Amino acid sequence: MVRYSEYFLTTLKEDLSNKEIASYSLSHRAGLIRKIASGIYAFLPLGYRVLKKIENIVREEMNRAGAIEMLMPAVQPADLWVESGRWQIYGPELFRLKDRNDRDFCLGPTHEELFTSLAHVDIKSYKNMPLNLYQIQVKFRDEIRPRYGILRAREFIMKDAYSFSSNEEDLDIIYNKMFEAYCRILERLSLKYFPVEADTGLIGGKSSHEFIILAGSGEDELLYCPECGYAANYEMAKFTPSQKKNGNIETPQETKEVHTPSIANIKSLSAFLNVPAEKIIKTMLLKDNDGNLFYVLVAGNREINIQKVQNCAGTALELIDSQTDDTGIAIGFIGPLGLDKNVRVYADNSLKGSVNMVAGANKKDYHIKNVCPGRDFNPDIWGDFSFPLDGDLCSVCGKPVKFEKGIEIGHIFKLGTKYSEKMDAMFLDSNGKLNPIIMGCYGIGVSRILAASIEQLHDDKGIIWPLSIAPFMVNLIAINMEDVKIAEAAEFIYSELAGAGIEVLFDDRNCRAGVKFKDSDLIGIPVKVVVGKNFLENKKLEIELRKDSGKIALDLENTIKFIKEYPQNNLF
RNA sequence: CGGGGUGUAGCGUAGCUUGGUUUAGCGCGCCUGCUUUGGGAGCAGGAGGUCGGAGGUUCAAAUCCUCUCACCCCGACCA
């Protein structure tokens, strides 16, 4: 297929100055990618081969699931974004540009607007649906801080699908098909992954799942239960707060005001009063757009999860802190006692059944001891408003949960009518009535998969590609091209392997064998076929496997047979 | 956006504190020749730098000052 001497492949012995993480260092050293600018990369021929293979797996599974491929432009006119309201909402992450006539455009970070606008023009009737359209496209997000090479780039390649249906049932069917397709994709890539419940936020919708690939260097944290298999994004994970058992049950005491001068945070309060943080009621002050106040209570050792509070309140909330404070309230000394009836008090489950707690006195430099929820105050709502901690229990089966780091590789989402309503994408139902189209969107990071695969599968010698996306199946190594007999034999074997339909990289360079072996391991080709003395003397080729360095010697015919059968029994 | 750091050959770097001994050094890679050829070879020779850019100080600037650009790191709500 390819001769090394005629190919464009440059490997590097030395590392980058900025090593960051294995996948970046290796994809650079192995000649897969080159950095062009911050967060912007070129795919070199070898990397592009891998990318194409990933794309094809994604494409095959999307087609199998009934989605239809098309292609939208990467540059999008601003008016569509104004229509959806996101031109205003989207921050500096949206890469905006103007044309020569000063018209506004952006580089698409995602394509809801374009697909919804297409639906507006071309979907008129319930008879046109259900429909699921997808593309494999370049996206651009001007990230705050691009890092980890291609794992978190500003320009990246993504498959995004958008579904259109006339009823919730059809949406559910497509959603489930996409869920299954994503599982199939990740399994074909031999990646360890978790489908995880994700936040649907204020948009609502029944469900959303993220597909997380396990990797220690990942930026996403997930919670899972080894017992029952429940898994969720750290941000929205349901759990039961563990209650510290002190053995004897505490008797509720009388409340007592204590002077706590300038002790305005949990850490110093805990030290000042000599009580553990979990015995303190942390009170956070939030407000909605109309200025309504929300007091959110959580155990002092925990952190409030504003997203969960928002989901419960059904409105966007903003934290009021000492920097932004304009309420005249003694931030740092607020508490649940003696509050106006018109403020809402939300209490986290971690405070349920607690007694003799310390809380702010709503008076500068004072706290109150021995506060008992239920006796001294009653919150409007008890609920889950915090992040899980080590030792917390699974909300499904009650067993202790575990945490794992990972990389988000895919996200599927029931959009509902959010975009179709704003952008007037309506259809006529069987009764002749106009309704907004019900949508879903389904994304998977194609270029991110490349990096994540390396992150998950490599050793100190280099990359270990799974067979499904290895740039080549076989690296044919001629031990010494100056030896005419070996060179001739290698040429013959090369044409035999290529003729048998095997993807082979023929390392025909006139260099020492060691260089070829090191390079082969670095770029991670699954099977090495070595032509050397053993072939001249015994007509035997040596086969060495990248994954475990296993070696066997076979004649040419059996080598081809072995290679052809190898993928049937192995993933990598 | 806030704080910090770095820009010297394709890559990795030394030199900068204390300006002149540097014709800017070294390793990898690259080119030529000879030797070598089973896990990143050896010897010999060679090409490649406006020291990120602009201005300034000075007899003299990679080195000091100012501005600028690029890249990188850390942080960006937790009473």
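We name chains A, B, ... by the order of the sequence lines, and we start the count at 1 in each one. Quick caveat, the model's predicted, so the values are computed rather than measured. Note that these values count all heavy atoms, side chains included, but never hydrogens, waters or copies made by symmetry.
- For B:A70, the paired nucleotide is B:U6, the pair qualifying as Watson-Crick or G-U wobble because both relevant distances are below 3.5 Å.
- A residue-by-residue look at A:Glu542 and A:Ala37 shows that A:Glu542 has its nearest nucleotide of RNA chain B further toward the 5' end.
- Summarising the base pairing, B:G33 is matched to B:C43 through a Watson-Crick or G-U wobble pair whose two defining distances lie under 3.5 Å.
- In this structure, A:Ser38 does not reach the B:A70 phosphate: none of its side-chain N or O atoms is under 4.0 Å from OP1 or OP2.
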message = ring pair (Phe, Tyr, Trp, His ring centres under 6.0 Å), that's the test. Do A:Tyr24 and A:Tyr148 meet it? Break it down for me.
response = CA-CA 6 Å; A:Tyr24 181 35; A:Tyr148 304 140; 9.1 Å; no
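- Among the atoms of the strands shown, none is found under 4.0 Å from any heavy atom of A:Ile477.
- Comparing B:A41, B:G40, B:G39 by their nearest atom to the side chain of A:Arg29 picks out B:G40.
- In this structure B:C77 sits in no base pair that meets the Watson-Crick or G-U test at under 3.5 Å.
- Taking the P atoms as reference points, B:C73 lies 26 Å from B:U66, given to the whole Å.
- A straight line from OH of A:Tyr24 to C1' of B:C73 spans 14 Å, rounded to a whole angstrom.
- Looking at heavy-atom distances under 4.0 Å, A:Asp483 makes no contact with the nucleic acid at all.
- Residue contacts for A:Asn265: at a heavy-atom cut-off of 4.0 Å it reaches the sugar-phosphate backbone alone, with no base atom in range.
- Atom NE2 of A:His28 and atom P of B:C72 are 13 Å apart (whole Å).
- Residue A:Lys516 is out of contact with every strand shown, counting any heavy-atom pair closer than 4.0 Å.
- Pair assignment for B:U50: none, as no Watson-Crick or G-U wobble contacts are both less than 3.5 Å.
- Look at the P atom in both B:U37 and B:G42: the space between them is 14 Å, to the nearest Å.
- Atom CG of A:Asn480 and atom P of B:G39 are 12 Å apart (whole Å).
- Across B:U37, B:C78, B:G39, the shortest atom-to-atom separation from the side chain of A:Ile479 is found for B:U37.
- B:G12 sits 28 Å from B:C67 when the P atoms are compared, rounded to a whole Å.
- Between the P atom of B:A79 and the CG atom of A:Leu273 lies a distance of 15 Å, rounded to the nearest Å.
- Residue-level contact check: A:Val530 touches the bases, meaning some heavy atom is under 4.0 Å from a base atom.
- The base-pairing partner of B:U18, taking Watson-Crick or G-U wobble contacts with both distances under 3.5 Å, does not exist among the strands shown.
- Counting to the nearest Å, the C1' atom of B:C78 and the CD1 atom of A:Ile281 are 16 Å from each other.
- Within the shown strands, B:C11 is the pairing partner of B:G27 under the Watson-Crick or G-U definition, both distances less than 3.5 Å.
- The base of B:G29 has none of its N or O atoms less than 3.5 Å from a complementary donor or acceptor on the side chain of A:Glu14.
- When rounded to the nearest whole Å, the span between CZ of A:Phe535 and C1' of B:U37 equals 19 Å.
- Donor-acceptor pairing under 3.5 Å is lacking for the side chains of A:Asn301 and A:Lys279.
- Which of B:A41, B:G40, B:G39 sits closest to the side chain of A:Arg512 comes down to B:A41.
- No contact: A:Arg34 has no heavy atom under 4.0 Å from any strand.
- Residue A:Gly514 is the one, among A:Arg154 and A:Gly514, whose nearest nucleotide of RNA chain B lies closer to the 5' end (criterion: closest heavy atom).
- Of the candidate nucleotides B:C72, B:A41, B:G39, B:C72 has the atom lying nearest to any side-chain atom of A:Lys35.
- Taking atom P in both B:C72 and B:G55, the straight-line distance is 27 Å, to the nearest Å.
- If you check B:U37, B:C78, B:G40 against the side chain of A:Glu482, the one that comes closest is B:U37.
- In this model, a donor atom of one side chain and an acceptor atom of the other lie less than 3.5 Å apart for A:Ser386 and A:Asp348.
- Across all strands shown, A:Thr283 has heavy atoms under 4.0 Å from base atoms, whether or not it also approaches the sugar-phosphate.
- Spacing between atom NZ of A:Lys308 and atom C1' of B:C78 amounts to 15 Å, rounded to whole angstrom units.
- Ion pairing between A:Glu542 and A:Lys528 fails under the 4.0 Å rule for side-chain N and carboxylate O.
- A salt bridge is defined here as a Lys NZ or Arg NE, NH1 or NH2 lying under 4.0 Å from an Asp or Glu carboxylate O, and A:Arg302 with A:Asp392 meets this definition.
- Here B:C73 is the nucleotide among B:C71, B:C73, B:U36 with the atom lying nearest to any side-chain atom of A:Arg147.
- Of the candidates B:C78, B:G40, B:C77, the closest approach to any side-chain atom of A:Glu303 belongs to B:C78.
- Between A:His259 and A:Tyr366, the ring-plane angle classifies as tilted under the 30° and 60° cut-offs.
- A:Lys533 places its NZ atom 9 Å from the C1' atom of B:U37, with the value rounded to the nearest Å.
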ask   = A:Glu197 and A:Ser208: side chain to side chain contact (heavy atoms under 4.5 Å, CB included), yes or no, with the steps?
value = CA-CA 6 Å; A:Glu197 280 184 33; A:Ser208 169; over 6 Å; no
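- Annotation: B:G20 and B:C64 have their P atoms spaced 11 Å apart (nearest Å).
- Of the N and O atoms on the side chains of A:Asp15 and A:Ser25, at least one donor lies less than 3.5 Å from an acceptor on the other residue.
- Side-chain atoms of A:Leu285 lie closest to B:A79 of the nucleotides B:A79, B:G40, B:G39.
- For A:Asn534 against B:G38, a side-chain-to-base donor-acceptor contact under 3.5 Å is absent.
- For the OP1/OP2 pair of B:A79 and a distance below 4.0 Å, the side-chain nitrogens and oxygens of A:Lys282 include at least one atom meeting the criterion.
- Going from the P atom of B:C65 to that of B:G33 covers 49 Å, rounded to whole Å.
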